[in-house]
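This is a predicted model, so every value here is computed, not measured.
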Amino acid sequence: MYTTVNENGILNNYATEPQMYYSGSPNTQEQRQYALQGAFASLLVVALVLLGLGVS
């Protein structure tokens, strides 16, 4: 942790920053998993909208 002290004696604590790295493109299995998650999320949103319309 990085700490500084100003002229009034007040401490400022800063978190250590993680090492940055570049992400690689997803492979075929990961792309398929993302598509499946998107389909389930879309199905959930549509179901909730239809439920809301049905209740009102």
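Here the straight-line distance linking atom CG of L53 with atom CG of L48 works out to 11.0 Å at 0.5 Å rounding. Rounded to the nearest 0.5 Å, atoms CG (N27) and CD (Q33) are 11.0 Å apart. Rounding to the nearest 0.5 Å gives a distance of 10.5 Å between CD of E30 and CD of Q37.
Counted within 6.0 Å of CD on E17, heavy atoms from surrounding residues, nucleotides or ligands total 12 or fewer; the atom is thus considered open.
Looking at N12, L11, I10 one by one, the single match for side chain to side chain contact (heavy atoms under 4.5 Å, CB included) with V5 turns out to be L11.
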